[in-house]
Engineer: 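I have a structure I would like to understand better, so I am pasting it below and will then ask my questions one at a time.
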Protein chains: 2
Amino acid sequence: MTSGLRERKKLATRLALHQAALQLVAERGLDGVSVDDIAARADVSPRTFFNYFPTKDDAVVGIDASAVGQAAERFAARPAHESPVEALRAVHAQQATEMAGEPETLWPLRLRVIDEHPVLIARLHAVFGSAERALAEAIAVRTGTAVGADVYPTLLAAVSGAAMRAGLHAWLASDFTASLPALVDEAWDALAAGLPAPRR
Amino acid sequence: MTSGLRERKKLATRLALHQAALQLVAERGLDGVSVDDIAARADVSPRTFFNYFPTKDDAVVGIDASAVGQAAERFAARPAHESPVEALRAVHAQQATEMAGEPETLWPLRLRVIDEHPVLIARLHAVFGSAERALAEAIAVRTGTAVGADVYPTLLAAVSGAAMRAGLHAWLASDFTASLPALVDEAWDALAAGLPAPRR
DNA sequence: CGCGGATCGTGCAGTCCGGGCAATGTTGCG
DNA sequence: CGCAACATTGCCCGGACTGCACGATCCGCG
């Protein structure tokens with residue numbers, strides 16, 4: 001499955017490009033970095049860059065389309081007795097744990113860099129957006145409706161993105177001292193309660 | 001305030017460019033249209049195009065940054081006794097009514113064109129995203145917290161975007177036969193109830 | 001009325017993004 | 001070992017977008 005020298009090499013160069021992009025942008029800012037620079041640091045030709053990422057911005061954000069559908073798949077695999085919200089909470093809990101546990105500095109660096117460049121924030125929103133469309137489909141299946149027929153699937157999918165983004169944002173704001181899973185869970189608490197104004 | 005020949009002309013060319021972009025893309029698709037084409041149909045020089053929109057995509061989406069802050073301002077202006085959710089609902093009701101009442105075909109055409117091009121969906125998400133950041137600030141003020149300190153402001157701001165997008169999507173799915181304000185309101189009902197699974 | 005100052009439209013030149021094509025090298029399979 | 005598949009790369013091109021400089025237009029003030 002994961003075997004094959006070819007596969008591993010591809011993954012490696014992909015990661016190399018992503019990290020090169022991340023570092024360079026952290027150093028010089030988005031406009032101070034060209035695709036050629038990134039390719040150079042990753043030791044590939046500029047032309048090859050585009051075999052891995054369609055856009056400079058995408059290389060910086062570094063989230064591939066395959067990871068995008070993941071949420072929807074995991075959601076669909078949850079036990080049938082769970083309500084949509086319960087199932088989504090569980091999926092998010094798992095994802096948040098994974099993200100917090102990765103190579104340590106990867107997500108923090110990513111989020112810091114993205115947060116400083118509106119264009120990249122937009123790109124991140126876009127990635128979430130396409131994940132949400134897939135998710136809406138899965139939600140519709142679970143609730144027995146169609147995406148077009150009811151607001152619920154689209155709404156819940158978008159809301160789930162909102163919860164995750166809010167969690168990530170709070171994580172960044174805490175300078176990564178807080179626990180990401182706890183923050184995401186907190187968001188879901190508020191959602192399940194109907195978003196009452198927080199008492200001070 | 002609105003006076004001045006200059007002001008009016010600017011608004012006019014801006015709208016002309018937007019509509020030209022919209023029509024052309026509806027006819028030929030996004031890649032079949034160049035900035036020069038759009039400028040030509042709007043009767044301005046290609047260079048002038050960029051005085052009005054930073055990007056071809058932005059011209060198609062056609063929502064300016066000023067309109068973006070609008071939601072936050074209106075929210076801030078709501079009576080203080082309203083809860084954040086109540087205030088947001090009211091703002092959305094007003095916006096939805098306005099959008100449904102505009103030059104008729106403008107929003108429908110916009111939404112149809114955007115829906116067909118993933119890049120434009122992304123751009124729309126981006127616009128919503130920056131609106132949400134402004135809104136989060138306003139929510140933080142109203143609830144007496146800070147944006148970094150609590151998940152709530154970011155979350156609610158993102159959720160409000162989700163509600164509006166879900167409403168718009170359902171509106172499009174109904175081929176604009178349904179009432180946009182009603183759809184948005186329906187979304188808020190679900191949110192206030194904690195997003196229970198819809199009964200079939 | 002008319003005269004600066006500010007603002008807008010425009011052309012030109014240049015950089016960079018991003019993609020199609022074809023040659024070359026590398027990997028994996030029988 | 002040899003062939004087929006695929007990845008890398010170079011070349012080239014059109015289109016997006018920017019900085020600059022100049023002319024035209026509009027606005028406010030005397």
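What you see is a predicted model; the values in this text were computed from it and never measured.
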Engineer: For A:Asp36 and C:dG18, give me the distance from atom CG to atom P, rounded to whole Å.
Structural biologist: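 Going from CG in A:Asp36 over to P in C:dG18 covers 12 Å.
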Engineer: For the pair made of CZ in B:Phe49 and C1' in D:dC17, what is the distance, rounded to whole Å?
Structural biologist: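 B:Phe49 atom CZ is separated from D:dC17 atom C1' by 10 Å.
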Engineer: Once you round it to whole Å, what is the distance between C1' of C:dC8 and NZ of B:Lys9?
Structural biologist: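 B:Lys9 atom NZ is separated from C:dC8 atom C1' by 10 Å.
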Engineer: Between P on C:dC16 and CZ on A:Phe53, what's the gap in Å once rounded to a whole number?
Structural biologist: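 Taking atom P of C:dC16 as the reference, CZ of A:Phe53 is at 21 Å.
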Engineer: Using whole Å, what does the distance between atom P of nucleotide D:dT18 and atom NZ of B:Lys56 come to?
Structural biologist: 14 Å
Engineer: Tell me which nucleotide among D:dC17, C:dT10, D:dG10 gets nearest to the side chain of B:Val44.
Structural biologist: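 Within the option list, the nearest is C:dT10.
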Engineer: Rounded to the nearest Å, what distance is computed from the CG atom of residue A:Asp31 to the C1' atom of nucleotide C:dC16?
Structural biologist: 11 Å
Engineer: Would B:Lys56 pass as a cation-pi partner of B:Phe49, given that its NZ or CZ must be under 6.0 Å from the six-membered ring centre and within 45 degrees of the axis?
Structural biologist: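 Cation-pi check for B:Lys56 and B:Phe49: fails.
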Engineer: For a quick check of understanding: with a heavy-atom distance under 4.0 Å over all strands, which category does A:Asn51 fall into, base, sugar-phosphate or nothing?
Structural biologist: base
Engineer: Find the distance B:Phe50:CZ to C:dG9:P and express it as a whole number of Å.
Structural biologist: 14 Å
Engineer: Check whether any side-chain nitrogen or oxygen of B:Ser45 sits under 4.0 Å from OP1 or OP2 of C:dG9, and answer yes or no.
Structural biologist: no
Engineer: Look at B:Ser34 and D:dG14 and indicate whether a side-chain polar atom (N or O) is within less than 4.0 Å of OP1 or OP2.
Structural biologist: no
Engineer: OP1 or OP2 of D:dA7 sitting under 4.0 Å from any side-chain N/O of A:Tyr52?
Structural biologist: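 So the side chain of A:Tyr52 is outside the cut-off, no N or O lying under 4.0 Å from OP1 or OP2 of D:dA7.
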Engineer: Going by the angle between their ring planes, with limits at 30° and 60°, are A:Phe53 and A:His18 parallel, tilted or perpendicular?
Structural biologist: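 Tilted.
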Engineer: More than 12 foreign heavy atoms under 6.0 Å from CG of B:Asp31: is that the case here?
Structural biologist: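 Open: at most 12 neighbouring heavy atoms sit under 6.0 Å from CG of B:Asp31.
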Engineer: Can you check the B:Leu30 CG to D:dG15 P distance for me, whole Å?
Structural biologist: 14 Å
Engineer: Think A:Lys10 has a side-chain N or O under 4.0 angstrom from the OP1 or OP2 of D:dA7?
Structural biologist: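 Answer is yes, contact under 4.0 Å.
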Engineer: Is it the case that A:Thr145 and A:Tyr152 place a side-chain donor and acceptor less than 3.5 Å from each other?
Structural biologist: no
Engineer: Quick one: the side chain of B:Arg47 and the base of C:dG11, do they pair up donor-acceptor inside 3.5 Å?
Structural biologist: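 Between C:dG11 and B:Arg47, which were checked side chain against base, a qualifying N/O pair under 3.5 Å is present.
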Engineer: Do the side chain of A:Ser45 and the main chain of A:Arg47 share a donor and acceptor less than 3.5 angstrom apart?
Structural biologist: yes
Engineer: Does a nitrogen or oxygen in the side chain of A:Thr55 sit under 4.0 Å from OP1 or OP2 of C:dG18?
Structural biologist: yes
